[in-house]
Amino acid sequence: MIQTLEWTDKGVRFLDQTKLPTEESYVTATSYQQVADAICTMVVRGAPAIGVAAGMGIALGVKNSKAETVGDLKKDFDQICSAIGETRPTAVNLFWAIRRMQEKFETLRVRPMPQIKQALIEEAQRMHAEDIAANQAMGRHGATLMPASGGVLTHCNAGALATAGYGTALGVIRAAVEQGKKIHVYADETRPFLQGSRLTAWELMKDGIPTTVISDNMAGAMMSYGKIGAIVVGADRIAANGDVANKIGTYTVAVLAKEHGIPFYVAAPISTVDLATPDGSGIPIENRNVKEVSHIAGKQMVPDGVEIENPAFDVTPAKYVTAIITERGIARAPYEDSLRKLAEEAVVGR
Ligand code: MRU
């Protein structure tokens, strides 16, 4: 099984995704600052994985704190949370994880310091385990929507590498394949960071799931040739009305899907649903270093001095989304009602 990230006695161990697909190497962050840096530089990426990394980063910072009173530990904790919160703005799972750790801390304030530290470590580890279970549940729900055979297109990487394991969109594909469906994945390469060709193709190859990589501008043609029976992608944040922020290029795929009458599914855990944001216009979109666009593998591809934009995400309006697959079931339009109902369902056992 792919170990995207894990808690160890030394710190948080990441599979370094900047090195894939040619090198499978691991780095251990031994301070919360190093965890924050791993999120910013995309050593770890993908909304659910960012959330779990944030939880573990906070636990690590608290573990390393030299504070001698609970009051001082709380000051350190607040400072750690705000540093982690500055890393990437779009994936709401980051802020969901910080809030969860804050709520946990509140319940622990009367306890002795070693117990507080241990409980926060356990909370972060719980998030990791819960994310895998959520993905498996999403897979069970979503597999029913996948065709019995044929092409399924995905954009970016919403797989084991983007989560604690198994994946959201790729979890749905994995579950469908486990049920005997004969799926052939079309993976958009996903410029500029190439999560599709570097990461999705890498993890599907490992699982022996047939995959074809296409450049992003080939997706429409593949749809018009009748090669794509369904599309499934992940999400970084889903607004209350069902508008979906996901990797730049997702919007293009969704519009093309509508034109070709192909179902467009989004798979994401409830922690990605942001009921406090009414629609997609309120979702902050991260702009990343323009060098990701101007350079490919270190080689300059754009003349000096040309203006470049590099928004990392776009927003797909809810009207293009056929259904949203969550661990608690499948939401359909009107999403204001269906998402709220799923999101507000009582969480048993926590
Ligand atoms: O910039 P990234 O690689 O973090 O973007 C990842 C995506 O857009 C994924 O599709 C999304 O986070 C869902 S991952 C299960």
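All of these numbers come straight from a predicted model, not from anything done at the bench. Both ligands and their constituent atoms are indexed starting at 1 by order of listing.
Salt-bridge annotation for E123 and R126: present, with a side-chain N of the basic residue lying under 4.0 Å from a carboxylate O of the acidic one.
Contact annotation for Q195 and ligand 1: only side-chain heavy atoms (C-beta onward) come within less than 4.0 Å of the ligand.
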**Asked** Would E345 and R340 satisfy salt bridge (Lys or Arg N to Asp or Glu O under 4.0 Å), going step by step from the backbone distance to the final call?
**Response** CA-CA 8 Å; E345 217 170 71; R340 187 168 293 276; over 6 Å; no

**Prompt:** After noting the C-alpha distance and the side-chain angles of K75 and D72, does the key distance pass the salt bridge (Lys or Arg N to Asp or Glu O under 4.0 Å) rule?
**Reply:** CA-CA 5 Å; K75 282 188 197 138; D72 284 349; 3.6 Å; yes

**Verdict with reasoning, K19 to E24, per salt bridge (Lys or Arg N to Asp or Glu O under 4.0 Å)** = CA-CA 7 Å; K19 301 277 184 350; E24 189 175 333; over 6 Å; no

**Request:** Begin from the C-alpha positions of K66 and E68 and carry the test salt bridge (Lys or Arg N to Asp or Glu O under 4.0 Å) through to its verdict.
**Result:** CA-CA 6 Å; K66 301 270 183 295; E68 287 180 359; over 6 Å; no

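Ligand 1 has A235 within reach: a non-hydrogen atom of the residue lies less than 4.0 Å from it. For F193, the heavy-atom gap to ligand 1 stays at 4.0 angstrom or more. The shortest heavy-atom distance from R88 to ligand 1 is under 4.0 Å. Judged by the shortest distance from any of its heavy atoms, P48 lies inside the 4.0 Å radius around the atoms of ligand 1. Heavy atoms of H155 come nearer than 4.0 angstrom to ligand 1 in no pair at all.
Heavy-atom contacts of K247 reach the following atoms of ligand 1: 1 (O), 2 (P), 5 (O), 8 (O) (cutoff under 4.0 Å). Within ligand 1, counting atoms from 1 as listed, the ones closer than 4.0 Å to a heavy atom of D236 are 7 (C), 8 (O), 9 (C), 11 (C), 12 (O). Each of the following atoms of ligand 1 lies closer than 4.0 Å to a heavy atom of A47: 12 (O), 14 (S). Here is the list of ligand 1 atoms found below 4.0 Å of a heavy atom in N246: 7 (C), 8 (O), 9 (C), 10 (O), 11 (C). Atoms of ligand 1 found under 4.0 Å from any heavy atom of A162, numbered from 1 in the order shown, are 14 (S), 15 (C).
The cationic group of R198 lies under 6.0 Å from the six-membered ring centre of F193 and within 45° of the ring axis, placing it in a cation-pi geometry.
By the ring pair (Phe, Tyr, Trp, His ring centres under 6.0 Å) test, H184 pairs with Y186, sequence neighbours left out.
An N or O contact shorter than 3.5 Å is missing between A158 and ligand 1 by distance. At under 3.5 Å, a nitrogen or oxygen of R45, whether backbone or side chain, sits near a nitrogen or oxygen of ligand 1.
Under the 3.5 Å distance criterion, with hydrogens and angles disregarded, a donor-acceptor pair is assigned to the side chains of E292 and N310.
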